[in-house]
Amino acid sequence: MTARPSSTSSSFSAAQPAILDLQDVTFAYGEAAPAVGGLSLSVPAGAFAAIVGANGSGKSTLARLLDGLLLPTSGRVLVDGLDTADSEARWEVRRRVGLVFQNPDNQIVASIVEDDVAFGPENLGIEPALIKARVDASLAAVGMGAYRRHAPDELSGGQKQRVAIAGALAMQPRILVLDEPTAMLDPDGRQEVMEVIGRLHAGGMTVILITHYMEEAAVAERVVVMEAGCAVDDGPPDEVFSREHRGLELPPAAQIARALRARGLRLPAGLVTVEALADALRPLMRHAD
Ligand code: ADP
Ligand code: MG
């Protein structure tokens, strides 16, 4: 494995100032071995980074460190320049980082979709007319405007998760952190949520997507591989998936590309998405037209 020391900031951070900056962050639950150990990571505004790694590698702990739900045992977490350990910045940090979790049912608190999305801004004490505008914009951003008067119970898993994302957006965060948001969804729901994530990123949102699905990581701009609380690799998906990582699958497209290469087909390196593989195979299909 070609591991990049986790203390080096990657070239991704060179162009723009970091919106997320983790400096040698360690976190331990009580007396246990650190769940995150010596992690340094810098994410520029507008980036779309995927975090992957085996169960227990510290991904969810990292998500909670990013919005100040957990504070580092040592090191610093800076969100948009705010230190999460600064008690005066705590609520502002939580406002700037929208967190979306795996189970949509645990995140939906109201019995009507629009009330659920309004819940966060209401707690901030924002005036009703402004809340309505935020709810409208947030539901539109996830394509759920038509469901505003529906009960969450009537929705599919993918729709519920989109409502949960709308709830996070209603706080007007600068960063969206999603911790395995598609893990409990069927394939349609997974696709809906990934399309929403793609649109939000295209619109300028900084996205941190923690995922078990390598095809989801493959469409990010950058993949960070966690192992035992450390980042052991960090780079564009085509590079990261060209290296060996213990316990990590390749995206399906990369598996197919590897199997075709093993059978003698000459394919370019770094095919990790279905689209890239299809583009590479198309010219080889002589009888396709
Ligand atoms: P991942 O999300 O990658 O599966 P986690 O961040 O959930 O990893 O867990 C990292 C390590 O921290 C694991 O060893 C896990 O058992 C431990 N851990 C996670 N949450 C808690 C907790 N609330 N109390 C104690 N240990 C925890
Ligand atoms: Mg987890």
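Start at 1 and go down the list; that is how both ligands and their atoms are numbered. Note that the structure is predicted; figures quoted are calculated from it, not measured.
- Annotation: cation-pi pair R222/F48 absent, no NZ/CZ under 6.0 Å from the ring centroid and within 45° of its normal.
- The Mg ion (ligand 2) has no N, O or S atom of Q102 closer than 2.8 Å.
- Of the listed residues (L22, L99, V79), just one forms a side-chain contact (heavy atoms from CB on, under 4.5 Å) with L66, and that residue is L22.
- Salt bridge status for D179 with K59: absent, with no side-chain N to carboxylate O gap under 4.0 Å.
- Salt-bridge check for D136 with K132: passed, with a basic side-chain N closer than 4.0 Å to an acidic carboxylate O.
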task: Tell me, with the steps shown, if E180 and L209 meet side chain to side chain contact (heavy atoms under 4.5 Å, CB included).
output: CA-CA 7 Å; E180 302 199 26; L209 172 66; over 6 Å; no
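- Taking a heavy-atom cut-off of under 4.0 Å, ligand 1 is surrounded by Y29, A35, A54, N55, G56, S57, G58, K59, S60, T61.
- Taking hydrophobic clusters as Ile, Leu, Val, Met, Phe, Trp and Tyr residues chained together by side-chain heavy-atom distances below 4.5 Å, L62 shares a cluster with L69.
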